[in-house]
Amino acid sequence: MDSETLSHVAQIISESEYLIALTGAGISKESNVPTFRGEDGMWRNYNAMELATPSAFARNPELVWEWYSWRQGLIAECKPNRAHSTLAKWEERGILNYVITQNVDGLHRRAGSANVLEVHGDLWATKCTECSHHGRLDAPADGVPKCPECGSKLRPDVVWFGESLDRDVMMSVYAELERADVCLVIGTSALVQPAASFPLIVKQCGGKVLEFNVEETPLSRIVDVHLSGRAGETLPRIDSLL
Ligand code: APR
């Protein structure tokens, strides 16, 4: 990563009136959280249609919970990395306004970020399949957890393929996309909608988009700057220039 590009990006960030960040699984890779489509991506080893759809849950809730429990166990052992902590520091310093994340791992909040919009939900949150109960697990699920109110099956409160995103969360997301003059896009393959289109909205509203990724993505054609490298290394280097 050449120092000229780093200084250029640091200047764009320091001159920004309203900075936001969109993050994906790549930002948690250096915390040992597997990505979905990378080299050892989860969707290379597991069938998403058997594990992350409403019909998969209807067919085999034990199998779905077994997989989410495995992910909960894995993530409970993980810690936020320097990319997460740099964004939390920028929020604290008033440089960064919001993190919009596709991740359900909760590592942004554990790093200290408060302004986080989790568009795909939260791995530890649950909701009842029958009544309006919403809850949280504080340990990996053991079997299929039951609703404390009506006794029905609980499901992970995450967004599965084919499901729409939470309306209130999306209202907040679009408000942030419109306000932003600079959007950092960190560690996402930009293949899953609607999140993959969020940076296009920032561009359409006249804002700039800065992409942080170890490889090019479909977004790389439209971004203002593509920073090739691991986010846990690139973000702290930019922070040192602010
Ligand atoms: N730093 C920056 N980028 C990285 C790093 C790193 N250390 N390691 C990997 N990446 C990049 C990869 O090159 C890839 O472009 O992170 C991206 C991860 O892409 P995906 O695995 O597709 O994850 P994501 O884009 O978050 O997936 C979107 O798909 O499966 C669904 O709901 C799931 O939220 C997820 C959504």
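As the structure lists them, so they are numbered: ligands from 1, and atoms in each ligand from 1.
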Residue, atom and distance of the protein heavy atom nearest atom 31 (C) of ligand 1 read Arg37 NH2, 3.5 Å

Within the 4.0 Å heavy-atom shell around Gly24, which atoms of ligand 1 are there? 26 (O)

Asp142 CG: over 12 foreign heavy atoms closer than 6.0 Å: no

Considering only protein heavy atoms, which is closest to atom 30 (O) of ligand 1, and at what distance to one decimal place? Trp43 NE1, 2.7 Å

Can you measure from CG (Asp40) to OG1 (Thr35) and round to the nearest 0.5 angstrom? 5.5 Å

Rounding to 0.5 Å, atoms OG1 (Thr5) and NE2 (His226) come to a distance of 10.5 Å

Within a 6.0 Å radius of atom CD on Glu92, are there more than 12 heavy atoms belonging to other residues, nucleotides or ligands? no

If you scan protein heavy atoms around atom 25 (O) of ligand 1, the nearest is Thr188 OG1, 2.7 Å

Among all protein heavy atoms, pick the one closest to atom 2 (C) of ligand 1 and tell me residue, atom and distance. Ala231 N, 3.7 Å

CD of Glu4: more than 12 outside heavy atoms within 6.0 angstrom? no

Heavy-atom proximity to atom 14 (C) of ligand 1 ranks first, among Val158, Ile186, Asn213, for Asn213

Which label fits His108 and His84: parallel for a plane angle under 30°, tilted from 30 to 60°, or perpendicular past 60°? perpendicular

Around atom 36 (C) of ligand 1, find the nearest protein heavy atom and jot down its residue, atom name and distance. Val192 CG2, 3.8 Å

In the protein, which heavy atom is nearest to atom 5 (C) of ligand 1, and how far is it? Gly26 O, 3.5 Å

Once you restrict to heavy atoms under 4.0 Å, what part of His120 touches ligand 1? Side chain, backbone, both or neither. side chain

What atoms in ligand 1 come closer than 4.0 Å to a heavy atom of Gly187? 3 (N), 16 (O), 17 (C), 18 (C)

Under a 4.0 Å heavy-atom limit, does Lys29 contact ligand 1 with its side chain, its backbone, both, or neither? side chain

Counting from 1, what ligand 1 atoms have a heavy atom of Gln102 closer than 4.0 Å? 28 (C), 34 (O)

Which atoms of ligand 1 sit under 4.0 Å from any heavy atom of Glu30? 1 (N), 6 (C), 7 (N)

Closer than 4.0 angstrom, basic N to acidic O: yes or no for Arg136 and Asp157? no

State if Leu191 counts as touching ligand 1 under the rule of any non-hydrogen atom under 4.0 Å. no

Does a sphere of radius 6.0 Å around CG in Asn45 hold more than 12 heavy atoms from other residues, nucleotides or ligands, not counting ones at 6.0 Å or beyond? yes

For Glu215, atoms of ligand 1 separated by under 4.0 Å from a heavy atom: 13 (O)

Residue Phe161 vicinity, atoms of ligand 1 by number, heavy atom under 4.0 Å: 30 (O), 31 (C)

Give the residue, atom name and distance (to 0.1 Å) of the protein heavy atom nearest atom 35 (C) of ligand 1. Phe36 CE1, 3.7 Å

Would you please name every residue forming a salt bridge (Lys or Arg N to Asp or Glu O under 4.0 Å) with Asp166, sequence neighbours left out? none

Go through the structure and list residues passing salt bridge (Lys or Arg N to Asp or Glu O under 4.0 Å) with Arg110, not counting sequence neighbours. none

Would you say ligand 1 has an N or O under 3.5 Å from any N or O of Ala25? yes

Starting from Leu117, can I reach Tyr18 by hopping between I/L/V/M/F/W/Y residues whose side chains sit under 4.5 Å apart? yes

